[in-house]
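Here the structure is laid out as structure tokens; the discussion comes afterwards.
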Amino acid sequence: MEYNFREIEKKWHQRWVENKTYQVTEDESKKKYYVLNMFPYPSGAGLHVGHPLGYIASDIYARYKRLQGYNVLNPMGYDSYGLPAEQYAIQTGQHPAITTVNNINRYREQLDKIGFSFDWNREVRTCEPEYYHWTQWAFQKMFHSYYCNQKKQARPIDELTKAFSTSGTEGLDIACSEELSFTADEWKAMSEKQQQETLMNYRIAYLGETMVNWCPQLGTVLANDEVVDGVSERGGYPVIQKKMRQWCLRVSAYAQRLLDGLENIDWTDSLKETQRNWIGRSEGTEVQFHIKKDATRDQSDSKDISFTIFTTRADTMFGVTFMVLAPESELVSQVVTPKQKAEVEAYLEATKKRTERERIADRRVTGVFTGAYAINPMTGEEVPVWVSDYVLAGYGTGAIMAVPAHDSRDYAFAKHFGLEIRPLIEGCDVSEESFDAKEGIMKNSPRLTNEDGTPILDENGNPKKPYCNLNLNGLTVKEAIATTKQFVKEHSLGRVKINFRLRDAIFSRQRYWGEPFPVYYKEGMPYMIDEDCLPLELPEVTKFLPTETGEPPLGHATKWAWDTVNKKVTENSKIDNQTIFPIELNTMPGFAGSSAYYLRYMDPHNREELVSEKADHYWQNVDLYVGGTEHATGHLIYSRFWNKFLFDLGVSVKEEPFQKLVNQGMIQGRSNFVYRYYSWKTINGTKEVIPTNLFVSKSIADGISKGKYNAEQLGALCRESQANLSEELFANQGVNEIHVDVNIVTNDVLDIEAFKNWRPEYNQAEFLLEDGKYICGWAVEKMSKSMYNVVNPDMIVEKYGADTLRMYEMFLGPVEQSKPWDTNGIDGVHRFIKKLWGLFYSRTGEFLPKEEEATKEELKAIHKLIKKVGEDIENFSYNTSVSAFMICVNELTQLKCNKKTVLENLIILLAPFAPHISEELWEALGHNTSVCDAKWPVFNEAYLKEDTVKYTVSFNGKARFTLDFPADVDNATIESTVMNHEASQKYIDGRTPKKVIIVPKKIVNIVL
RNA sequence: GCUCGGAUGGUGGAAUCGGUAGACACGAGGGACUUAAAAUCCCUUGGCUAUUGCAGCUGUGCGGGUUCAAGUCCCGCUCCGAGUACCA
């Protein structure tokens, strides 16, 4: 019987869908296992073009777990190539919808191509809200919550308003503002609008006036992780800083918990590290500096101006020689002296114009003196206050104390403007660069002597006395930091503070495709529409672009107002601001919907709740999440934040959403080149290229580039290949490297006929071959259309089948490693599948498996495999599993094994890797249930027991030969046997061994 | 700059605890079957020397070290990849 893989695969695929073979069971007494694939497809290559590495890897694990007896939820399961996860999931009822609107839209073209029937204008809106209902719901909950530092969780905002109304605001430790700037009486005196405005400072979802990354070309704001090198991640358009009123999520409130949570989850260290860096916790000290009073300043001299700086190097307080404010800091206008005012304002104007990208591109040292002086609380010294854009407004307090001796940025600034550099560490040299390392012994603190050791004198000519009783001299940097911290705290000069780099997430987008905010505006303040009115569905619009007045696309909608009486959306024309109000025009970003989608899969048809308590308690969290590292600072942070919030609410039982995370590597492109021969001549001193129709094979091209051929030799090559090229073109040789479609190249051999048809201009091409073939050059590049290296796995599936593709992608190497897509080895895997088939069917179509007792060798072969595959799957080392299968099938073929018991075990083991052929052969073995309901075989050590053990005999560490010993041999026997062995004599050479080392079951080493 | 990975044949990659480096494949070379091709099967395949036979040397990016024994551990480099960046 011929193995017609494609027919078999289609048949099984159909059956799985019809019988809902891989659906979860209702039996909740079973252990659960939840596998999920990260929502977007790898590396943006698109639905059908990208390689389903992650799907295959997670699907193998899910099937393995199922065979182990688990109830497995695998909503994005990849059951065969040719059926994308979404379609499968919808058909089997496991998927509530397709992640988010944004994602649907992104894959629209590809989904259309494979016949995914969708009325894009209507169904997207009528189908999606079932899902985004719960995104809107969570958003409203965030709006109605604040973060309580003391309780380390989100709490209802009502608690806060109650506290404000009484005097009991003390003890409220709120993430966003630890000091309340108003009293209970003031609160009560506020208007409703003022109260609402105040509450915005505390809500977890809040409207914030923040600097945003605005992308004019895209007409929308972008999150920090969507901006790469100062340009938008999608499209690469410039991004500028702009102050806008936007919805924000107070992710920063969860910074510490996001950091702590990393301890207990099973992610790769590098990914955890990336998140740690992104969260950027830094422990330091906040110190208050006062501005020296100056009569010439605008503000009355009586007013005391002070500001706080943040530093991790409190030990360097004695080395402060100037202060720097961020240009955006409000302090600048307060401290500037009239004399410096014009200059400072000019500088502020200039920096505003520079985009972030320009600031990154050229790191010029710029800045301007404000005319003000700050008083160092440790030394009493007056140091100048500058403004410079190297200080960021968004981090710390937007002001720094500059210690040029021990900070490279301050150093560059000081050198540029000729400011003092005062080293504080014994023996450090700061003549060329600053000494940034946190090591060494402190000196100069306080600084009482000059460089030559003579005492510094005060105004009266007496030796200067220390300004405060803090002396760090002789301490290490670490000790000095701790001592200074303590000192600052005790003397109320500041406080110990922990800063995070992590910023709040900007949650508005000026797009159409996204969840609409269930928010209407009354007197400019946002109000949530009632929870029972959710979901608020996207309105019909005529255009998806921003309006002429620069409003978001929803500004085109004519029916986008909220009727608070009838509780429904109504025409804009009816807005009276009494009972009918305008609705928010922004929509939510892509990460909104993906942040909690895993919870929804646990209970996809629930109309009452995001997830039922029962389902949540059963499924808990995702056991295995497979996806790319590119989401480390985006989705994987937002999702953890979102889940922690839901955890605080009691909706999610687990604080961390993804217990184990496996990163699949990216599939890179492998480009092929052809080499087009050209000649050239010099006309009027310029080199002129004469192109030809001649394409030369790789090694000839290399030869030409290296000048290996003279005109005669090349001519001979041409005659040999019967290529017509006129004589004069043989001199002045050169080749152009041209990308060629990888789909017309096999094992780097060009399909010449296909090449001629590929492009009309190559119709008349001639070739210089090597060994009768045209060998192409190759390089690893990213997959892109322009490099003609995009490979569509569909072609592989049609030619070799989905099972071969699955196994081949796994065989390429470790899952987490990026690798070029290279079909050169696929024949090997396909051969393996055919060999496997050969164990079941003879060439004449006879069914071979028989009910016979397996031999010792056969049992050994299969149990070796059981052990290996089990271990490998647990370690996600799928490539070595595939090779183990090959070894086993080779052995069984050699043994001519057709024992049913052996083959049954083999098929079960193979089922996760090659599900189609496994189902087919499982059925052939006489089973009428799916192989996915079989039991994973139990490994029995006894079958691997050997009577004899092979020892490697080595002399002075060099392995020479091997010897077999009985398994229970004692060391003395080994030693005497080896010493007396004929082969040993040559190496011993009459000497007496100094030492004999015997490692049981492994090696014997004789030291001479 | 900082952080984290990595470097093994012509290629992808094995070597899980320090114990015969190169499993398993691809490619290449040779052979069998065939009128021929495809398919299939068998042999060889890190390099160098030797080859009638045995064999010897060398070899995991570079330089040191620890050890009876190092791809694996330690120290110092080089190169490549990823992340991040005026974060005070």
Side-chain angles (χ1 to χ4, degrees), chain A residues 228-229 268-278 280-282 284-285 309-313 316 324 326 359-360 363 365 388-392 394-403 406-410 412-413 436 499-503 629-630 632-633 665-666 670 747-749 771 778 808 811-814 816-820 822-829 831-832 834-835 838 843 868 871-872 875 877 879-887 890 893 950-962 986 993-1008:
Chain A
V228 179
D229 292 334
T268 58
D269 289 337
S270 72
L271 201 99
K272 284 186 186 179
E273 196 58 32
T274 307
Q275 288 213 341
R276 281 194 196 103
N277 290 341
W278 190 260
R281 183 184 200 271
S282 76
T285 317
I309 57 96
F310 175 76
T311 179
T312 54
R313 294 291 303 270
T316 59
V324 189
R359 270 161 73 158
I360 291 165
R363 285 204 184 162
V365 177
S388 175
D389 65 2
Y390 84 88
V391 174
L392 305 176
Y395 184 77
T397 58
I400 62 153
M401 62 175 208
V403 186
H406 302 294
D407 183 289
S408 52
R409 294 151 302 171
D410 297 344
F413 195 82
D436 289 15
N499 253 333
F500 292 95
R501 203 190 85 111
L502 185 73
R503 316 278 181 86
T629 34
E630 67 270 23
T633 55
M666 287 190 199
R670 188 182 189 275
N747 292 348
D748 293 332
V749 178
D771 305 323
W778 62 273
Y808 179 61
F811 187 56
L812 272 173
E816 68 277 7
Q817 216 167 81
S818 287
K819 51 216 146 200
D822 181 352
T823 54
N824 285 354
I826 201 161
D827 286 321
V829 176
R831 245 168 245 155
F832 156 77
K834 283 194 275 190
K835 263 186 215 168
R843 291 191 180 202
K868 179 79 180 144
E871 286 169 0
D872 282 352
N875 296 326
S877 176
N879 54 331
T880 49
S881 294
V882 177
S883 82
F885 280 117
M886 290 171 169
I887 293 169
N890 285 346
T893 308
K950 211 177 264 305
Y951 278 81
T952 303
V953 182
S954 52
F955 297 85
N956 285 335
K958 256 189 195 5
R960 293 299 176 177
F961 57 91
T962 59
K986 189 165 114 193
K994 284 184 193 142
K995 207 174 178 186
V996 177
I997 291 149
I998 297 169
V999 182
K1001 297 186 173 158
K1002 279 196 175 141
I1003 202 161
V1004 181
N1005 191 15
I1006 292 127
V1007 187
L1008 293 161

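Lettering of chains follows the sequences in order, A, B, ..., and the numbering in each one begins at 1. Please read all numbers here as calculations on a predicted model, not as lab measurements.
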Determine yes or no for a side-chain-to-main-chain donor-acceptor pair under 3.5 angstrom, with A:Asp436 supplying the side chain and A:Ser408 the backbone. yes
Pairing check on B:rA55: which nucleotide meets the Watson-Crick or G-U wobble criteria with it, both distances under 3.5 Å? B:rU49
Pairing check on B:rU35: which nucleotide meets the Watson-Crick or G-U wobble criteria with it, both distances under 3.5 Å? none
With nearest nucleotides of RNA chain B determined for A:Ile1006 and A:Tyr395 from heavy-atom distances, which residue corresponds to the more 5′ nucleotide? A:Ile1006
Mind calculating the distance between CG (A:Asp269) and P (B:rG6) to the nearest angstrom? 11 Å
For nucleotides B:rG46 and B:rG12, find the distance between their C1' atoms and express it as a whole number of Å. 16 Å
May I have the distance from A:Gln275 (atom CD) to B:rU84 (atom C1'), rounded to whole angstrom? 14 Å
CG of A:Asn277 versus P of B:rA85: gap in Å, rounded? 10 Å
Could you let me know what B:rU67 is paired to, Watson-Crick or G-U wobble, both distances under 3.5 Å, or none if it's on its own? none
Heavy atoms under 4.0 Å, any strand shown: does A:Ile887 hit a base, just sugar-phosphate, or nothing? sugar-phosphate
Span that lies between the C1' atom of B:rC4 and that of B:rU11, in whole angstrom: 28 Å
Only pairs with both distances under 3.5 Å count, Watson-Crick or wobble alike; so what is the partner of B:rA28 in this structure? B:rU44
B:rA32 and B:rC26, which share atom name C1', separated by this distance in whole Å: 22 Å
Taking atom C1' in both B:rG30 and B:rC79, what distance in whole Å separates the two? 39 Å
Given B:rC26, B:rC24, B:rC86, identify the nucleotide with an atom nearest to the side chain of A:Leu392. B:rC86
Do A:Met401 and A:Thr311 have side chains that get closer than 4.5 Å, going by heavy atoms? yes
When the P atoms of B:rG83 and B:rC74 are considered, how many whole Å apart are they? 27 Å
Contact check, side chains of A:Met886 and A:Val829, non-hydrogen atoms, under 4.5 Å: yes
Out of curiosity, A:Asn499 CG to A:Arg281 CZ, how far, rounded to the nearest 0.5 Å? 10.5 Å
Most 5' of A:Thr312 and A:Val999 on RNA chain B, judged by nearest nucleotide: A:Val999
Taking the C1' atom of each, how far is B:rG6 from B:rC57, in whole Å? 31 Å
Which atom pair, heavy atoms only, marks the closest approach of A:Thr274 to A:Ala632? CG2-CB, 3.9 Å
N/O to N/O distances under 3.5 Å, protein versus nucleotides 37-43 of chain B:
residue	atom	partner	partner atom	Å
B:rU40	O2'	A:Arg843	NH2	2.9

Give a yes/no on whether any side-chain N or O of A:Ser282 is located under 4.0 angstrom from OP1 or OP2 of B:rA88. yes
In whole angstroms, the gap separating C1' of B:rC86 from CG of A:Asp407 amounts to 9 Å
So, for A:Tyr951 and A:Lys1001, which heavy atoms are closest and what is the spacing to 0.1 Å? OH-N, 2.9 Å
Please list, for nucleotides 56-60 of chain B, all pairs of protein and nucleotide N/O atoms separated by less than 3.5 Å.
residue	atom	partner	partner atom	Å
B:rG56	OP1	A:Tyr987	OH	2.9
B:rC57	OP2	A:Arg960	NH1	3.2

Take A:Arg501 and A:Asn277 through the test side-chain contact (heavy atoms from CB on, under 4.5 Å) and record every step on the way to the result. CA-CA 8 Å; A:Arg501 203 190 85 111; A:Asn277 290 341; over 6 Å; no
Counting any heavy atom closer than 4.0 Å, what does A:Thr274 reach on the DNA or RNA strands: base, sugar-phosphate only, or nothing? sugar-phosphate
Side-chain N or O of A:Arg276 closer than 4.0 Å to phosphate OP1/OP2 of B:rU84: no
For B:rU72, give the paired nucleotide (Watson-Crick: N1-N3 plus N6-O4 or O6-N4; G-U: N1-O2 and O6-N3; both under 3.5 Å), or none. none
Side chain of A:Glu273 only, please: which of B:rC26, B:rC4, B:rG19 is the nearest? B:rC4
Quick one: does A:Val1004's side chain get under 4.5 Å of A:Thr952's, heavy atoms only? no
Could you check which of B:rC87, B:rG27, B:rG19 has an atom nearest any side-chain atom of A:Lys1002? B:rG19
Using the P atoms only, state how far B:rG13 lies from B:rA88, rounded to an integer number of Å. 38 Å
Can you tell me the distance, in whole Å, between the CE atom of A:Met401 and the P atom of B:rA88? 12 Å
Taking syn as any angle within 90 degrees of 0 and anti as the rest, which one fits B:rG27? anti
Identify whether the glycosidic angle of B:rC17 places it syn (within 90° of 0) or anti. syn
Could you give the CG-to-P distance, from A:Asp389 to B:rC86, as a whole number of Å? 11 Å
Please report the closest heavy-atom contact between A:Asn824 and A:Tyr808, naming both atoms and the distance. N-OH, 4.0 Å
Mind checking the C1' distance from B:rU60 to B:rU49? Whole angstroms is fine. 22 Å
Does atom CG (A:Asn890) have a neighbourhood of more than 12 heavy atoms from anything else shown, all under 6.0 Å? yes
Rounded distance (nearest 0.5 Å) linking atom CD of A:Gln275 with atom OG of A:Ser270: 10.5 Å
Can you tell me the pairing partner of B:rC79 across any strand shown, Watson-Crick or G-U wobble, with both distances under 3.5 angstrom? B:rG6
For nucleotides 8-16 of chain B, give me every protein contact, N/O to N/O, under 3.5 Å, one pair per line with atom names.
residue	atom	partner	partner atom	Å
B:rG12	O2'	A:Leu812	O	2.6
B:rG13	OP1	A:Gln817	OE1	3.0
B:rG13	O3'	A:Asn879	ND2	3.4
B:rA14	OP1	A:Asn879	ND2	3.1
B:rU16	O4	A:Lys868	NZ	2.8

Looking at B:rC68, does its base get a donor-acceptor pair with the side chain of A:Asn1005 below 3.5 Å? yes
What is the distance from CG of A:Asp410 to P of B:rC87, rounded to the nearest Å? 10 Å
When both hydrogen-bonding distances must be under 3.5 Å and the geometry is Watson-Crick or G-U wobble, what is B:rG22 paired with, if anything? none
Can you name the nearest heavy-atom pair linking A:Asp410 to A:Ala402, along with the distance? OD2-CA, 3.2 Å
Side-chain contact test, heavy atoms from C-beta onward, threshold under 4.5 Å: evaluate it for A:Trp278 versus A:Phe500 and give yes or no. no
When rounded to whole Å, the CD1 to P distance for the pair A:Ile400 and B:rA88 reads 11 Å
So do the side chains of A:Asp407 and A:Ile400 get within less than 4.5 Å of each other, counting heavy atoms only? no
Starting at OG1 of A:Thr397, measure out to CG of A:Leu392 and round the result to the nearest 0.5 Å. 11.5 Å
